[in-house]
2 protein chains.
Amino acid sequence: MTETLTGWAATTKDKPLVQMELPLAQWNEYSVDMNITHCGMCGSDIHTIDEGWGPTAFPCVVGHEIVGVVTRIGDKVTNIKVGDRGGVGPECYSCQKCPTCLEGYQNGCERGYTGTYNGKLPNGDKTYGGYADKWRGDSRWVFKVPDSMSSEDAACFFCAGVTTYAPLKKFNVNEKSIVGVLGIGGLGHFGVLFAKAMGATVVGMSHNDNKKEISKQLGCDDFINTHNESDLARYRKKLTHILCTGTSNDFQWGTFFNLLHVNGNFMNVAAPEWNFPELSPLQLLMSQISISGTAAGPPDIMQEMINFAAEKGLKPWITTYKMSDVNNAISDFRAGKPRFRFVLEN
Amino acid sequence: MTETLTGWAATTKDKPLVQMELPLAQWNEYSVDMNITHCGMCGSDIHTIDEGWGPTAFPCVVGHEIVGVVTRIGDKVTNIKVGDRGGVGPECYSCQKCPTCLEGYQNGCERGYTGTYNGKLPNGDKTYGGYADKWRGDSRWVFKVPDSMSSEDAACFFCAGVTTYAPLKKFNVNEKSIVGVLGIGGLGHFGVLFAKAMGATVVGMSHNDNKKEISKQLGCDDFINTHNESDLARYRKKLTHILCTGTSNDFQWGTFFNLLHVNGNFMNVAAPEWNFPELSPLQLLMSQISISGTAAGPPDIMQEMINFAAEKGLKPWITTYKMSDVNNAISDFRAGKPRFRFVLEN
């Protein structure tokens, strides 16, 4: 039995990825083996290669928007079977014992969840992601891809999709909602698709007009240039939700407080390299809004999200690259070319 | 018919209040006249006298925790009758036409509500508060004091009470909640009373141990000194809610993020003169908590709050002063003497 994967590994932050044979995690009764067919490219992959969030344990195979075909399952696996297509997102394990895990929020595990790459399992095994031919991991973080959805379309839902679905769901977006999606990029485009599918009126938002046309093509009902006074006046106190998927570093709370309706939600899923500025306690309380953030989603929400996406026939805007062309894909990604997401294909 | 009140007015920010005859607002079919029996002293009163939040339109009679006996009602008044005891809080009018008012959040009126003092009604009349013998205003901002509650106990509920009740109610505090009340002062003490009455476990919180004993006397189940590492460790990820009623200027988000359980709520009702510091978007999303604020409460919540307080037999800790002794009361207030609230009595 093969106990290795062949992956495109980062060996240091300044070199192209190289193909490398690396050990699969130790097999256990909850394990699933998959032959990877597709893997989406996420900003986190590039940040990790670049050590932008701290040291990376090289060699590192990134990729946490994985779809593959299941080739083997452990004795205790019940949620997926050999031949099924499985999806894996950014998390692949958690303690399952802390109160947060037990409440079904494994993505907030109090001991820290294990990332799908650059992580460590309890037995010390390193985790390797989806820029590879094979994946092995715990079935409780593997989700069945619905039959109606192609694997290439499915891949990016497992990170970018759930990252935007989870807050929209948590804060009850529905047909009465008017949702501003701030930042029309990889995450934002999923935000628009999901908010529309939930029945909301959706307003694309960006700090200039560059994304205005493409927002409408994506399905947005309107657009706010956050530096255009007339756009801001038109939506004063109108938005029930703002999904922040990206910000510019001239971000001002006041702009968004003025747009949000009473009891409105500012939901952050972006992780820019700058901080949100100081916050006036008085402004916060007078506006009566909430500021929150969510991190991907726990297993229950992952499966619910992909089922919902399939049921609504959501189709992400993706460009596919051969897995062997990964270094070119990364160059194009760094050049800001995704409209809106890249998928690597074996 | 008397068309004047006699109030204790601030005439400039640096002088004691002086007794002064001032006009009542113009009578209309929604008007209520009350003989004021009690008025609580709120930090906002002192801020307004001191012009801490901007210019004050002197002469100004402050006080927005008013209880009185109704002496006259307009033809369209249905919620209160002559002889009833009425309570008035910090808001006394709003446009009643904007979407926010129509949804029942008049305290977030999009055109700005009218404050009970230092405000202006649509006809241009100035509003005068409760440091006076009489009050006249719109019945829709007058709430019936339940029979079981004394007027002196009732007064402070109309600002400090609702300010803490509203967020606890909005964010669903119940017997499963573990609520940290940050700042054990006038507001915080109401926060403790309400959170306990809602069935929660309540933890007093302050930046040193000075309020530890009094927190327990108030009914807190435990206490966190936010500079004591062992207190912080004991409550790591344990609090479902933090009600921020006051902060010190060394406030750090990380301290509170670490204490809040997944999906926890940091609810601010304090208006200190410093800002909350910069906020890390990544920390915000990883912690999966919400930061919010509420401003007093709309009419429906005001009546609900005072009824709930009466039903639960809540008894605030107050010290009464004769209305004529108001300048001494203000001196004592400035000296930090309230444990926990002052009430002026006619």
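Across A/Ile289, A/Thr294, A/Asn268, the residue that shares the most heavy-atom pairs under 4.5 angstrom with chain B is A/Thr294. For chain A, the option among B/Gly108, B/Ala166, B/Ala270 with the highest count of heavy-atom pairs below 4.5 Å is B/Ala270. If you tally non-hydrogen atom pairs under 4.5 Å between each of B/Ser287, B/Ala296, B/Pro277, B/Pro167 and chain A, the highest count goes to B/Pro277.
Atom CD of B/Glu273 and atom CG of A/Leu282 lie 10.5 Å apart (nearest 0.5 Å).
Of residues 89-101 of chain A, those residues with a non-hydrogen atom less than 4.5 Å from any non-hydrogen atom of chain B are, in numerical order, A/Pro99, A/Thr100. Among the residues in residues 231-260 of chain A, those with a non-hydrogen atom closer than 4.5 angstrom to a non-hydrogen atom of chain B are A/Arg236, A/Lys237, A/Trp253.
Evaluation of the ring-ring contact (aromatic ring centres under 6.0 Å, His included) test over residues 279-303 of chain B, restricted to residues two or more places apart or in two chains, returns none.
Both the backbone and the side chain of A/Asn263 come within contact range of chain B, with heavy atoms under 4.5 Å apart. Residue contact with chain A, scored on non-hydrogen atoms closer than 4.5 Å, involves the backbone and the side chain of B/Leu279 alike. Contacts of B/Gln283 with chain A are absent, with no heavy-atom separation under 4.5 Å from either backbone or side chain.
The shortest side-chain heavy-atom distance between A/Leu284 and B/Ser292 does not fall under the 4.5 Å cut-off. In this structure, A/Ile291 and B/Ser290 have side chains that are not in contact, with every pair of non-hydrogen atoms separated by 4.5 Å or more.
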Could you check B/Gln288 against A/Asn107 for side chain to side chain contact (heavy atoms under 4.5 Å, CB included), going step by step and ending with a plain yes or no?
-> CA-CA 9 Å; B/Gln288 305 205 69; A/Asn107 57 328; 3.1 Å; yes

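Take B/Asp300 and apply the side-chain hydrogen bond (donor to acceptor under 3.5 Å, both in side chains) test, not counting sequence neighbours, and it matches no residue.
Atom CZ of A/Phe276 sits in a crowded spot, with more than 12 heavy atoms from other residues, nucleotides or ligands closer than 6.0 Å.
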